[in-house]
Amino acid sequence: MDDTMAPVTRNQAPKISPFLEPGKTTKVGSLAILQLSRDNLQPVYLQAPSGKHDGYAEGAVVNTRYGSFPHSTMIGVPWGSQIRASKVDTGSRGRNNKRKRNKSDDDGKEGPAAIPEAKTEPESTPAEVIDDSSAATKKVVADVSGFIHILPPTPEVWTSSLPHRTQVVYTPDYSYVLHRIRARPGSVLIEAGAGSGSFTHASVRAVYNGYPTEAERKGKVYSFEFHEQRFHKMNKELKEHNLGGLVHLTHRDVYSGGFLIDGKSPEAEAIFLDLPAPWEALHHLSRRNPKNPGDKDWVSPLNPKRSAHICTFSPCIEQVTKTVSAMRRLGWVGIDMVEIVNRKYHTSRERVGLNLSMDRGVNNSARDVDEALARLTEIETRFREHAAKSKESDDEMDGDDDGGLIKMREKKELKGGKRRGGEKKVKVDHKPASPESFETPASGVPLWMEGRLITRGEPEIKTHTSYLVFATLPREWTDQDEAAAASRYPVVGEQKVIGVVDKAARKQERREQLQKATGNRKARRMERAAELAVTAEGTAPEVVP
């Protein structure tokens with residue numbers, strides 16, 4: 001049983017999806033992506049500040065580890081803005097939740113435990129207890145706990161933030177797939193296995209060239225999903241994102257039901273199959289009925305005027321083998337298998353030197369041999385000075401046992417800075433970095449441009465294994481197409497046309513060319529011999545009788 005989304009008619013004014021035209025600033029009711037950190041994204045629908053919401057006097061609030069962010073602070077700001085956290089009033093939220101719990105207990109008749117609580121609260125109607133949006137919204141006060149960034153919805157950020165219902169197709173995979181199947185504005189694309197909708201949103205953006213109507217053909221995506229719960233969730237998301245007029249979602253098993261829409265062909269030229277067994281659905285993607293090629297009532301879901309490009313997404317090499325075998329039997333050509341392995345690289349500069357402080361990204365070691373020798377010379381000099389001082393102390397102790405000990409103790413106290421009523425002085429061996437060391441050197445190169453450029457890859461590849469099989473099904477060339485091409489590109493004045501001469505005629509033509517070339521060589525050889533003979537006669541010496 002099919003369950004599809006109704007297309008947009010001419011009288012309906014479609015609302016532009018925020019994935020296609022988000023605008024310059026955020027709006028009430030629009031979808032926004034909150035970037036909490038580099039890899040932590042959270043989707044949220046912005047709500048107008050119309051009084052209390054869920055117990056918060058500031059209205060709707062998003063609570064994160066970086067603080068609380070009321071929706072009122074995220075409305076009307078440019079995309080990509082930094083939003084500071086705010087101080088919210090959670091006291092009223094706790095009291096209202098308590099009222100709601102007591103009200104639900106009274107409705108459920110769970111016992112007299114709720115009666116004393118109900119007597120202590122002032123009398124109010126059920127509407128006043130449950131709905132508190134009529135109260136005035138409290139003014140927002142900024143906090144110092146943290147901040148977030150608000151981003152417009154795009155297929156890339158939506159893939160990273162969407163609720164995963166199945167294993168999703170990530171950006172490195174679907175960007176390459178859309179390129180290989182030649183999805184461009186105005187194309188009609190078939191997707192089997194909608195899943196979480198990651199590829200659906202990306203394909204809509206690729207084929208979008210306006211909202212289609214009944215009288216005008218535009219780029220569109222025909223998506224099929226077998227799982228009923230995933231179908232309803234996907235249908236709800238598409239309506240919330242205003243993509244209902246660009247995506248025709250159908251609840252169907254494509255293995256047995258095929259890809260037709262109400263018995264009509266979607267005339268697609270790009271196909272993406274994310275199925276456990278794609279080879280069982282390939283017989284529906286043919287120009288003719290594979291079982292009965294002469295069946296004139298059979299309808300193909302492909303565009304008869306263009307070549308069809310397909311991609312199958314399989315996690316197992318055994319699935320790839322079966323898919324390729326089915327493609328070869330059905331006439332697909334240019335079969336190719338690709339594996340996408342995405343890896344991130346971190347690039348930074350590493351500063352090396354013994355005179356640098358122990359900051360992040362600094363390698364506190366010798367930059368060359370000269371610096372290492374200078375450091376060793378300094379250490380050797382200090383060692384000799386220390387040895388000389390130790391020897392002098394030993395000599396003083398040997399010369400005067402009592403007086404030497406007293407003098408030695410006094411020297412140590414003086415050296416350590418210990419005096420009654422005075423302060424203790426600590427000797428610092430390593431001098432702190434001077435302000436001159438942070439200035440631009442004489443070479444004119446800033447310090448952040450110095451050092452070696454280091455590139456490090458991720459220790460582990462954070463992606464899933466998948467094999468992409470690509471193929472092409474050429475369009476059929478009929479007698480009508482040949483006549484149309486001949487009328488559009490007539491042959492006028494040409495003596496020979498490539499491909500119209502049979503094999504025997506080509507052999508005879510080649511034989512005549514060889515004979516002509518051989519005769520020309522013999523004639524040139526005879527002319528050359530005659531010229532040499534004439535030259536020899538003219539230069540021969542005269543014989544004296």
Self-check item: Audit row: C311, I271, side-chain contact (heavy atoms from CB on, under 4.5 Å) steps and yes/no
Solution: CA-CA 6 Å; C311 174; I271 306 101; over 6 Å; no

Quiz item: Does any non-hydrogen side-chain atom of S314 lie less than 4.5 Å from one of V469?
Solution: no

Quiz item: Any sub-3.5 Å donor-acceptor pair from T26's side-chain atoms to G76's backbone N or O?
Solution: yes

Practice problem: Is it possible for you to check whether R180 lies under 6.0 Å from the centre of the six-membered ring of F470, through NZ or CZ, and within 45° of that ring's axis? | Solution: yes

Quiz item: With no hydrogens and no angle check, do the side chains of E240 and Y45 hold a donor and an acceptor under 3.5 Å apart?
Solution: yes

Quiz item: Looking only at heavy atoms, which two atoms of E225 and F231 are closest? And how far apart?
Solution: CG-N, 4.0 Å

Exercise. Report the relative orientation of the aromatic rings in H201 and F19; use parallel for angles under 30°, tilted for 30 to 60°, perpendicular for over 60°.
Key: tilted

Quiz item: Between the side chains of T200 and E191, is a donor N or O closer than 3.5 angstrom to an acceptor N or O?
Solution: yes

Quiz item: Between CG of D274 and OG1 of T312, what distance do you get to the nearest 0.5 Å?
Solution: 9.5 Å

Quiz item: Do other residues, nucleotides or ligands put more than 12 heavy atoms under 6.0 Å from H346 NE2?
Solution: no

Quiz item: If you look at every heavy atom in Y211 and L246, which pair is closest and at what distance?
Solution: CE2-CG, 3.8 Å

Quiz item: Is the backbone N or O of V169 less than 3.5 Å from a side-chain atom of S198, with the two atoms forming a donor-acceptor pair by type?
Solution: yes

Quiz prompt | Qualifying salt bridge (Lys or Arg N to Asp or Glu O under 4.0 Å) pairs, either residue in residues 17-30, two or more places apart | solution = none

Practice problem: Begin from the C-alpha positions of S175 and Y170 and carry the test side-chain contact (heavy atoms from CB on, under 4.5 Å) through to its verdict. | Solution: CA-CA 9 Å; S175 59; Y170 290 94; over 6 Å; no

Exercise. Taking the side chain as every heavy atom from C-beta outward, state whether I340 and S466 have any pair of such atoms under 4.5 Å apart.
Key: no

Quiz prompt | Within-4.5 Å side-chain heavy-atom neighbours: P185 and Y208 | solution = no

Quiz item: Side chain of S81, backbone of V77: donor and acceptor closer than 3.5 Å?
Solution: no

Quiz item: Is the shortest heavy-atom distance from the side chain of K236 to the side chain of L238 under 4.5 Å?
Solution: no

Practice problem: For S86 and F69, indicate whether the former's side chain and the latter's backbone hold a donor-acceptor pair under 3.5 Å. | Solution: no

Quiz prompt | Residues that K218 engages under salt bridge (charged side-chain N to carboxylate O under 4.0 Å, His left out), provided they are two or more places apart | solution = E216

Quiz item: Side chains of V62 and S68: closer than 4.5 Å at any heavy-atom pair?
Solution: no

Quiz item: So do F272 and V221 actually touch side chain to side chain, heavy atoms under 4.5 Å?
Solution: no

Quiz item: Donor-acceptor pair, H251 side chain versus F224 backbone, under 3.5 Å?
Solution: no

Exercise. Could you name each residue pair satisfying salt bridge (Lys or Arg N to Asp or Glu O under 4.0 Å) that touches residues 150-166, not counting sequence neighbours?
Key: E156-R205, R165-E237

Quiz prompt | Backbone N/O of Y345 and side chain of R456: donor-acceptor pair under 3.5 Å | solution = no

Quiz item: Name the one of K220, R217, R306 that satisfies salt bridge (Lys or Arg N to Asp or Glu O under 4.0 Å) with E267?
Solution: R217

Exercise. First locate atom OH of Y176, then atom CD1 of I181, and finally report the distance between them rounded to the nearest 0.5 Å.
Key: 12.0 Å

Quiz item: Is there a side-chain contact (heavy atoms from CB on, under 4.5 Å) between Q35 and I33 once you walk through the steps?
Solution: CA-CA 6 Å; Q35 186 182 29; I33 307 298; 6.0 Å; no

Self-check item: Exam field: side chain T64 to backbone Y66, donor-acceptor pair closer than 3.5 Å
Solution: yes

Quiz item: Which value, rounded to the nearest 0.5 Å, describes the distance between I150 atom CD1 and L46 atom CG?
Solution: 5.0 Å

Exercise. Would you give the length of the straight line joining atom CG of L243 to atom CG of N235, rounded to the nearest 0.5 angstrom?
Key: 11.5 Å

Quiz prompt | Residue pair L34 / L41, side-chain heavy-atom distance below 4.5 Å | solution = no

Quiz item: Do W158 and L31 pass the side-chain contact (heavy atoms from CB on, under 4.5 Å) test, and can you show the C-alpha distance, the side-chain angles, and the key distance before you say yes or no?
Solution: CA-CA 10 Å; W158 177 249; L31 174 65; 4.1 Å; yes

Self-check item: Donor on one side chain, acceptor on other, T171 and T159, under 3.5 Å
Solution: no

Quiz item: Can you find a side-chain donor-acceptor pair between T472 and H309 that sits under 3.5 Å?
Solution: yes

Exercise. Please check if the side chain of R184 supplies one atom and the backbone of R182 the other of a donor-acceptor pair under 3.5 Å.
Key: yes

Self-check item: Side-chain touch L249/M234, heavy atoms, less than 4.5 angstrom
Solution: yes

Quiz item: Say you draw a straight line from OH of Y174 to OG of S203; how long is it, rounded to the nearest 0.5 Å?
Solution: 10.0 Å

Quiz item: Is there a donor-acceptor pair under 3.5 Å between the side chain of D253 and the backbone N or O of Y255?
Solution: yes

Quiz item: Around Q82, counting heavy atoms of other residues, nucleotides and ligands shown, do more than 12 lie under 6.0 Å from its CD?
Solution: yes

